[in-house]
Amino acid sequence: MSDFFDQVYQVARKVPPGRVTSYGAIASYLGSPGAARMVGWAMNKSGSQEEFVPAHRVVNRNGLLTGKFHFDTPKTMEELLENEGIEVVEGQIQNFEKKFWDPSAELDLEL
DNA sequence: TAGCTGACGCCCT
DNA sequence: CAGGGCGCCAGCT
């Protein structure tokens, strides 16, 4: 089971509330810097997972909510983030640099 | 079965 | 400074 996808889900679940990470960061953490696309694709499949996956805490390296349209409504992602104390304007996370949570740095490759 | 696409990222022109 | 193209791995048609 523990495939690229599962790894992504596990890391995504480890993202603390009020923090966000990027697809590339997760991909790099898993050992495939160029597989950022897979992370996004995994998020899409996250709905099939029995365990909830905070896909709203995963954005692109630009801090932009690129996948907000994949939620029930385009506003869902923004609301979830703002609900955690993250300021979002026009799908863009404010102070993204400060909210950014790097698994490679925080988890220190424990996985 | 083989090919295309996909919620990204970085390099090159 | 801006735009376009290639690379990544796996799932879906």
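A note on names: the letters A, B, ... follow the listed sequences, proteins ahead of strands, and every chain is numbered from 1. When reading the values below, keep in mind they use all heavy atoms of this one structure, side chains included, and skip hydrogens, waters and symmetry mates.
- When the side-chain contact (heavy atoms from CB on, under 4.5 Å) test is applied to A:Arg19, the partners found at least two apart in sequence or on another chain are A:Val15, A:Pro16, A:Trp101.
- A gap of 22 Å separates the P atoms of B:dT1 and C:dC9, to the nearest Å.
- For residues 46-62 of chain A, the pairs satisfying salt bridge (charged side-chain N to carboxylate O under 4.0 Å, His left out) are A:Arg57-A:Glu84, with sequence neighbours left out.
- Atoms NE2 (A:His70) and P (B:dA7) sit 4 Å apart, rounded to a whole Å.
- For the side-chain contact (heavy atoms from CB on, under 4.5 Å) test, residues two or more places apart in sequence or in another chain that qualify with A:Ala12 are A:Met43, A:Val53, A:Val58.
- Residues from residues 51-67 of chain A lying near DNA chain B, meaning a heavy-atom separation below 4.0 Å, are A:Ala55, A:Asn60, A:Arg61, A:Thr66, A:Gly67 in numerical order.
- In this structure, the side-chain contact (heavy atoms from CB on, under 4.5 Å) partners of A:Glu79, at least two apart in sequence or on a different chain, are A:Lys75.
- Annotation: proximity of residues 72-87 of chain A to DNA chain C (heavy atom, distance under 4.0 Å) is found for no residue.
- The side-chain contact (heavy atoms from CB on, under 4.5 Å) test applied to A:Thr76 returns A:Phe71, A:Asp72, A:Thr73, A:Leu80, not counting sequence neighbours.
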Identify the pairs formed between an N or O of the protein and an N or O of nucleotides 8-12 of chain C at a distance under 3.5 Å, and give each distance.
{"residue": "C:dC8", "atom": "O4'", "partner": "A:Gly34", "partner atom": "O", "Å": "3.1"}
{"residue": "C:dC8", "atom": "O2", "partner": "A:Gly34", "partner atom": "O", "Å": "2.7"}
{"residue": "C:dG11", "atom": "O4'", "partner": "A:Trp41", "partner atom": "NE1", "Å": "3.4"}

With a cut-off of 3.5 Å and sequence neighbours excluded, list every side-chain donor-acceptor pair involving residues 87-97 of chain A.
{"residue": "A:Gln92", "atom": "NE2", "partner": "A:Asn62", "partner atom": "O", "Å": "3.2"}
{"residue": "A:Gln92", "atom": "NE2", "partner": "A:Gly63", "partner atom": "O", "Å": "3.4"}
{"residue": "A:Gln94", "atom": "NE2", "partner": "A:Gln92", "partner atom": "O", "Å": "3.0"}

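- Remark: A:Met38 CE to A:Phe5 CZ distance equals 4.0 Å, nearest 0.5 Å.
- When all heavy atoms of A:Ala36 and A:Tyr23 are compared, the pair lying nearest together is O-CB, 3.7 Å.
- With a 6.0 Å radius and a threshold of 12 heavy atoms from other residues, nucleotides or ligands, A:Phe52 has its CZ atom above the threshold.
- Residues forming a salt bridge (Lys or Arg N to Asp or Glu O under 4.0 Å) with A:Lys99 (at least two apart in sequence, or on another chain): none.
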